[in-house]
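Contents: one structure, followed by commentary.
The shown structure was predicted, so the numbers you read here are calculated from the model rather than taken from an experiment. Along the sequence shown, the residues carry numbers beginning at 1.
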Amino acid sequence: MIEVTLLAAFLCGLALVAICHPRRELTLAALIGITAGFSDLQVGGVHLFTVLVGLWALFVFGRRPARVVGWTLALAGTAVMVASTSLVGDLVVSPTLALQLLGMTFCATAIGLWSTARERRTMSYGLLTATTVSAVYALLQVTGIAATSGVHLEISAIGRPSGLTPEPDWLGMFSAIGMILAFVLPMRRDVRTVVLGLNTAAWLLAFARAAWLALAVVVVAAAVLAVVDRRRTRAPAVDGRGRTRAVVVAVVAVVAVVLVQPVLRADLTTRVMQLLGAGVGPDSSDRSGQARVEQVTALLDLSRSGPFYGHGLSSAGRVGVSGKLYLGDYSSNSVASNWVLGLWVDARYVALPFIAVLVLVTVVTLRSLGGAVAAVVLVSSLFSNATYFPVFWLALGCAVATLATRVVPKPKSKPARTPTRDRPGDASSAPPVGRHRRSLLPGAPRS
C-alpha cells in the first residue's frame with residue numbers, strides 16, 4: 001500500500017528528529033506505539049517497530065531493571081527454544097521467521113524491564129492514534145472516498161473496509177484494541193466520545209467475527225476476574241470522566257445506523273449467526289468458516305507426521321487457505337491462521353512452554369491495559385494469526401512490566417482491644433496508683 005510506505009518514510013524522519021530531542025525517550029515511546037498499530041511498516045525487511053525499540057533501549061539501558069527478570073528470562077528462553085527448531089526442521093518455509101520472533105521477543109523484554117509507567121502510557125496513546133487513523137480511513141473506504149482492494153460484497157452489501165491494514169479481519173482486531181484504549185486511557189470527555197465512536201464503527205463495519213468474539217471474551221473475563229479477585233494492581237491514576245457518555249453515544253449511533261440501513265442489519269444478522277455456528281456446514285455459503293475448518297484438519301494431520309520438535313518454525317505456513325498442503329519448495333505463507341495449532345506443527349512439545357508463558361502472562365495481567373490488549377490479539381489469532389504483529393509484543397511487554405507493580409494485600413491485623421471502663425473487675429476501671437480522683441458517687445469519701 002502506497003499509504004503505508006509514505007507513512008513509514010514519515011515516521012523514519014520523525015525518529016531521526018526524536019533522537020535529538022531533549023525528551024527523546026518519551027518521543028520515541030510515542031513513535032513505538034504508533035508503529036505498533038501497523039503490521040507492515042518495514043525498513044529493509046525489518047519492522048520499524050523493532051528499530052525504534054532498539055533505539056529507545058540504547059537510551060534507557062542504564063536504568064535499573066524492573067523486578068520481572070524471571071518472567072523475561074522465561075519468555076526469552078522459551079522463544080529461543082521455538083526459534084531453534086528452524087535449524088533442524090524438515091519443512092521450514094522461512095528461516096527469517098525465527099529472527100523475527102527473536103527480535104519481537106527482545107522488544108517485549110526490553111519494554112518489560114526498562115520502561116516507566118509514563119513511557120508505557122505514551123506508547124498506548126501512540127497505539128490509539130494509529131488505530132483511530134486506520135478507523136477513519138476505513139470509514140472513508142465505506143463511503144467511497146478512499147479506494148479499497150477487496151470489498152467482500154458477498155459478506156457485506158456496503159463492502160468490508162480494511163483501513164490501513166492488509167485485511168478486514170485485522171482492521172477489526174486493531175479497532176477492538178482501540179476501543180479498549182479509548183475506554184481506559186485518561187482523556188477529555190469529548191475526545192473520548194469521538195475516538196471510541198470511530199473505533200467502534202470500524203470494529204462493526206469490518207465484519208470481523210474473530211474481533212467481535214475477542215472483545216466479548218476479554219470484557220467478560222475481565223469482569224469475572226474483577227468479581228472473583230478483589231486484589232488491585234498498582235497502576236497510574238486513570239481519569240475515567242466521560243466513559244459512560246462515550247459508551248452510550250457509541251451504542252446509540254451503532255443502533256441508529258443498523259436500524260436505518262436494512263441491508264446492513266441483514267448482513268450483520270447473518271454474520272452473527274455464522275459466528276454462533278448456525279451457518280457453517282457442507283452446504284453453507286460461509287466459505288471462510290468452511291476454510292478454517294479445513295485448515296484445522298490439515299494442521300492436525302501435518303502435526304502427527306512430525307518428530308517431537310515439530311517440522312520447524314514456519315512449516316505451518318505450508319497449509320493453504322482451503323487446507324491444501326504445499327510440500328514443495330514454494331509456499332507463499334509462513335504462519336498458520338491459528339497460532340496454537342501453528343506452533344504445535346512448528347515445534348510440537350518444544351512449543352508448549354512458550355505457549356504456557358504467553359497464556360499465563362496474559363491471564364495474570366488481564367485486568368491491566370497491556371494484558372487486555374494481549375488477550376484480544378491471542379483470541380483473535382485463533383482465527384487470523386496476528387501474534388507476529390508488533391502490537392502483540394508491545395502489549396506483552398507492558399503486561400510483563402505490570403507484574404513488577406502488582407500488590408498483594410497484607411493480611412488485616414486485628415484491631416487493638418479497647419478496654420471497657422465500667423466492666424466489673426477490670427483493672428482499667430480502677431483508679432491509677434498514686435493519683436487521686438473524685439468518686440462519681442455523690443457523698444462518697446475522697447480516695
Side-chain angles (χ1 to χ4, degrees), residues 36-40 49 104 108 124 127-128 130-132 134-135 138 152 155-156 160-184 199-222 268 271-272 274-277 280 286 288-289 291-293 295-296 299 316-317 321 333 335-344 355 358-359 361-363 365-366 368-399:
F38 300 94
S39 60
D40 50 1
F49 169 81
M104 291 297 175
S124 299
L127 177 58
L128 177 59
T131 61
T132 305
S134 183
H152 299 276
I155 297 177
S156 171
R160 293 182 67 192
S162 58
L164 294 176
T165 64
E167 296 182 7
D169 288 341
W170 292 335
L171 170 66
M173 183 195 71
F174 278 109
S175 299
I177 293 172
M179 293 170 66
I180 294 176
L181 295 173
F183 183 79
V184 174
N199 282 277
T200 302
W203 172 75
L204 182 70
L205 296 177
F207 282 83
R209 294 172 295 184
W212 296 350
L213 179 64
L215 184 62
V217 168
V218 170
V219 170
V220 172
L268 286 173
R271 200 68 170 163
V272 170
Q274 292 173 349
L275 174 62
L276 298 177
V280 179
D286 184 12
S288 61
R292 286 195 175 97
V293 173
Q295 291 171 22
V296 170
L299 287 170
V321 176
N333 196 14
V335 295
S337 58
N338 184 304
W339 73 277
V340 176
L341 292 179
L343 286 174
W344 180 247
I355 296 173
L358 297 183
V359 174
V361 171
T362 302
V363 172
T365 62
L366 184 60
S368 69
L369 189 57
V373 173
V376 168
V377 178
L378 285 184
V379 176
S380 180
S381 295
L382 293 174
F383 308 94
S384 296
N385 195 350
T387 53
Y388 290 93
F389 286 4
V391 64
F392 174 67
W393 299 95
L394 171 64
L396 194 65
C398 293

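Inter-residue side-chain proximity for Leu369 and Cys398 is flagged as unmet; no heavy-atom pair is nearer than 4.5 Å. Between Leu181 and Asn199, the closest side-chain pair of non-hydrogen atoms is not below 4.5 Å. Leu378 places a side-chain heavy atom less than 4.5 Å from the side chain of Phe392.
Atom OG in Ser380 sits 9.5 Å away from atom CZ in Phe174 (nearest 0.5 Å). To the nearest 0.5 Å, atoms CD1 (Ile177) and CG (Leu128) are separated by 11.0 Å.
Taking each heavy atom of Thr165 and Ser134 in turn, the nearest pair found is CG2-OG, 4.2 Å. The shortest non-hydrogen separation linking Asp169 to Ser384 is OD2-OG, 3.3 Å. Scanning all heavy atoms of the two residues, the minimum distance from Pro168 to Ala206 falls at O-CB, 3.5 Å. Nearest approach of Tyr388 to Met104, heavy atoms of both residues: O-CE, 4.1 Å. Across all non-hydrogen atoms, the minimal contact from Ser175 to Ala202 is OG-CB, 3.3 Å. When all heavy atoms of Phe38 and Ala130 are compared, the pair lying nearest together is CE1-CB, 3.6 Å.
Judged purely by atom type and a 3.5 angstrom limit, Thr365 has no side-chain atom pairing as donor or acceptor with the backbone of Ser368. A donor-acceptor contact shorter than 3.5 Å links the side chain of Trp212 to the backbone of Trp203.
Residues passing the side-chain hydrogen bond (donor to acceptor under 3.5 Å, both in side chains) test with Asn385 are Thr387, sequence neighbours excluded. For Val217, the side chain to side chain contact (heavy atoms under 4.5 Å, CB included) partners are Leu213, Val379, not counting sequence neighbours. Scored by the side chain to side chain contact (heavy atoms under 4.5 Å, CB included) test, Ala386 finds Trp170, Met173, Val377, Ser381, Phe389 as partners (sequence neighbours excluded). Scored by the side-chain hydrogen bond (donor to acceptor under 3.5 Å, both in side chains) test, Ser337 finds Gln295 as partners (sequence neighbours excluded). For the side chain to side chain contact (heavy atoms under 4.5 Å, CB included) test, residues two or more places apart in sequence or in another chain that qualify with Leu341 are Val296, Leu299, Leu300, Asn338. For the side-chain hydrogen bond (donor to acceptor under 3.5 Å, both in side chains) test, no residue two or more places apart in sequence or in another chain qualifies with Ser39.
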Step by step, work out the side-chain contact (heavy atoms from CB on, under 4.5 Å) result for Trp339 and Leu358.
CA-CA 11 Å; Trp339 73 277; Leu358 297 183; 4.0 Å; yes
Pair Leu127, Thr131 - check side-chain contact (heavy atoms from CB on, under 4.5 Å), show working.
CA-CA 6 Å; Leu127 177 58; Thr131 61; 4.2 Å; yes
